[in-house]
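Data first, discussion second: the structure below is written as structure tokens.
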Amino acid sequence: MSRRAVITGWGKCVPPVSLSNADLEQLMDTTDEWIVERTGIRNRQLSHVEVTDMAELAARRALACSGLDADEVDLVVVATCTPEILCPSVAAMVQDRIGASNAAAFDLNAACSGFVYGTSVVASMIESGYADKVLLVGAEKLHFAMDYRDRGTAILFGDGAGAAVFEPSEDGAGVLSVDLGADGGKGGTMVIRSMGSAGEPQATNDPQNFRLHFEGRAVFKIAVQGISASAARVLERAGLTADDVDLVVPHQANARIIDSATRRLGIEAGRVFVNITDLGNTAAASIPMALSDALDAGRISPGDTVVLTAFGGGVTWGSIALTWGNRTEPVGVHEGELPPTDMTSMDLLRQNLDFYAPLHANDPPIG
Ligand code: UT7
């Protein structure tokens, strides 16, 4: 049997401050009914700490779940498009904090497809023998880039982190096939401009330039088509059909996108895991958080065929077909928590609201 990469640990970090649709009604011209009907989202969580803090906690929980010690890990990869700073990488900071002293570390940015791209990278490294025990984290603090008076973007996104530990298997379980793709020509549909080296100080301070630019309707169409085509290809590569799939764990972009894409694939809702209602779209964090929730809910059994599929900025897309291994119960539990806060969502969003206020000088007042 060839060597494959199997998931042996999982964990997530959900930051404690909630931002409900009712809260958003106070900030913009929207309604709970509109948001639920068009997106399936009722709530999202906001982080009062940095993205690295969330990544660290998710990583510690995944490690405890796997039963491994940090010094057994030989690679830490963090998928994120909202790193705390550009250098050092979030992965290097997590490596240090958890004590993974024998591990290499790097970040990977494929926006919402980051965890799927990351899975393909770490699985290839395990299959080739370049790595043995790998921690892959998806972590995002997206709220920092949101203009909370822009109803076309801010309703969708939340913060969070999820992580998985991958180890080699020789019994046939693990990653079976991969499909990755990109169309940089459509990259203008989702842009966070000001964090790269082109973000000279004056551009960084221009709210028009800084906020997430997002062409929702265009992205919607590309996403439905992209996800269903990519998932169909990954199944074909694994020699499987839609009937063989026990669970699809898709990127939680929008409940309607998930529904349309999986319907095209011929997979009914009962075989699709959706947790977008409470968490919103958390980009690269969404699949590992959903995987964690799916396992906690008993939705994955040993030997199940699971498909991960995502679409995101770049634009990028990708899918993974895998056979779940034997572990569906955690070996151990990490009891740590994020530091407590008594901040409200409005306290946390104050900085955003002030920063973007010049773009809304003619809007009706908040509340
Ligand atoms: O993870 C990365 C992938 N990205 C995504 O998954 C997002 C993909 N896109 C979407 O999820 C959807 O396009 C949105 C949720 C962003 C928008 O939903 P939509 O059904 O595509 O609405 P729309 O943009 O076609 O707008 C329909 C109407 C417009 O009004 P008019 O022009 O018909 O009068 C909008 O101005 O709805 C209006 N609208 C809103 N109304 C109330 C847009 N946003 C809102 C809102 N509340 N929040």
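Atoms within a ligand are numbered from 1 in the order they appear, just like the ligands themselves.
- Taking the side chain as every heavy atom from C-beta outward, F115 and L136 approach each other to under 4.5 Å.
- The atoms of ligand 1 that sit less than 4.0 Å from any heavy atom of I257 are 6 (O), 8 (C).
- Considering only non-hydrogen atoms, atom 17 (C) of ligand 1 lies nearest to W34 out of F311, W34, F157.
- Proximity to R256 (heavy-atom distance under 4.0 Å) selects the following atoms of ligand 1: 18 (O), 19 (P), 20 (O).
- Atom 14 (C) of ligand 1 has its closest protein heavy atom at N254 ND2, 4.6 Å.
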Next on the checklist: Please evaluate residues D150 and R211 with respect to the criterion side chain to side chain contact (heavy atoms under 4.5 Å, CB included), reporting the C-alpha separation (whole Å), side-chain torsions for both, the decisive distance (0.1 Å), and the verdict.
Outcome noted: CA-CA 10 Å; D150 176 4; R211 71 176 181 170; 3.7 Å; yes
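- At least one side-chain heavy atom of E50 sits under 4.5 Å from a side-chain heavy atom of D53.
- Atoms of ligand 1 lying under 4.0 Å from any heavy atom of N281, numbered from 1 in the order shown and given with element: 1 (O), 2 (C).
- For atom 6 (O) of ligand 1, the nearest protein heavy atom is under 4.0 Å away.
- Only one option out of L46, D23, D354 pairs with L349 in a side chain to side chain contact (heavy atoms under 4.5 Å, CB included); it is L46.
- Counting only heavy atoms, the protein gets under 4.0 Å from atom 47 (N) of ligand 1.
- In this model, no donor atom of one side chain and acceptor atom of the other lie less than 3.5 Å apart for T282 and E140.
- Remark: minimum distance from atom 15 (C) of ligand 1 to any protein heavy atom is reached at T39 CG2, 3.6 Å.
- For atom 22 (O) of ligand 1, the nearest protein heavy atom (residue, atom name, distance) is R38 NH1, 3.4 Å.
- Around the CD atom of E268, the shell of radius 6.0 Å holds more than 12 heavy atoms that belong to other residues, nucleotides or ligands.
- Under the 4.0 angstrom criterion, atom 32 (O) of ligand 1 counts as lacking any protein heavy-atom contact.
- In terms of protein heavy-atom proximity, atom 9 (N) of ligand 1 is closest to G216 O, 3.0 Å.
- Atoms of ligand 1 lying under 4.0 Å from at least one heavy atom of H251, given by number and element, are 1 (O).
- Here L24 contributes atom CG and R44 contributes atom CZ; the two are 4.5 Å apart, rounded to the nearest 0.5 Å.
- Between F311 and V224, the closest side-chain pair of non-hydrogen atoms is not below 4.5 Å.
- Residue M28 places every heavy atom at 4.0 Å or more from ligand 1.
- In terms of protein heavy-atom proximity, atom 25 (O) of ligand 1 is closest to R217 NE, 2.7 Å.
- Of the residues M346, H143, M146, the one that meets the side chain to side chain contact (heavy atoms under 4.5 Å, CB included) test with L19 is M346.
- Nearest protein neighbour of atom 2 (C) of ligand 1, counting heavy atoms only, is C112 SG, 3.4 Å.
- Within 4.0 Å of atom 42 (C) of ligand 1, at least one protein heavy atom is present.
- Of the listed residues (A253, G280, G152), the one carrying the non-hydrogen atom nearest atom 16 (C) of ligand 1 is G152.
- At the shortest separation from atom 30 (O) of ligand 1 among protein heavy atoms lies R151 NH2, 4.4 Å.
- In the vicinity of I155, heavy-atom distances shorter than 4.0 Å reach the ligand 1 atoms 48 (N).
- Between T344 and V17, every side-chain heavy-atom pair lies at or beyond the 4.5 Å cut-off.
- Atom OH in Y117 sits 9.0 Å away from atom CG in L108 (nearest 0.5 Å).
- R4 has its side chain out of reach of P168: every pair of non-hydrogen atoms, C-beta onward, lies at least 4.5 Å apart.
- In terms of protein heavy-atom proximity, atom 3 (C) of ligand 1 is nearest to V219 CG1, 3.6 Å.
- Using a 4.5 Å heavy-atom threshold, the side chains of Q45 and D159 count as separate.
- Atom numbering of ligand 1 starts at 1 in the shown order; those under 4.0 Å from a heavy atom of T30 are 42 (C), 46 (C), 47 (N), 48 (N).
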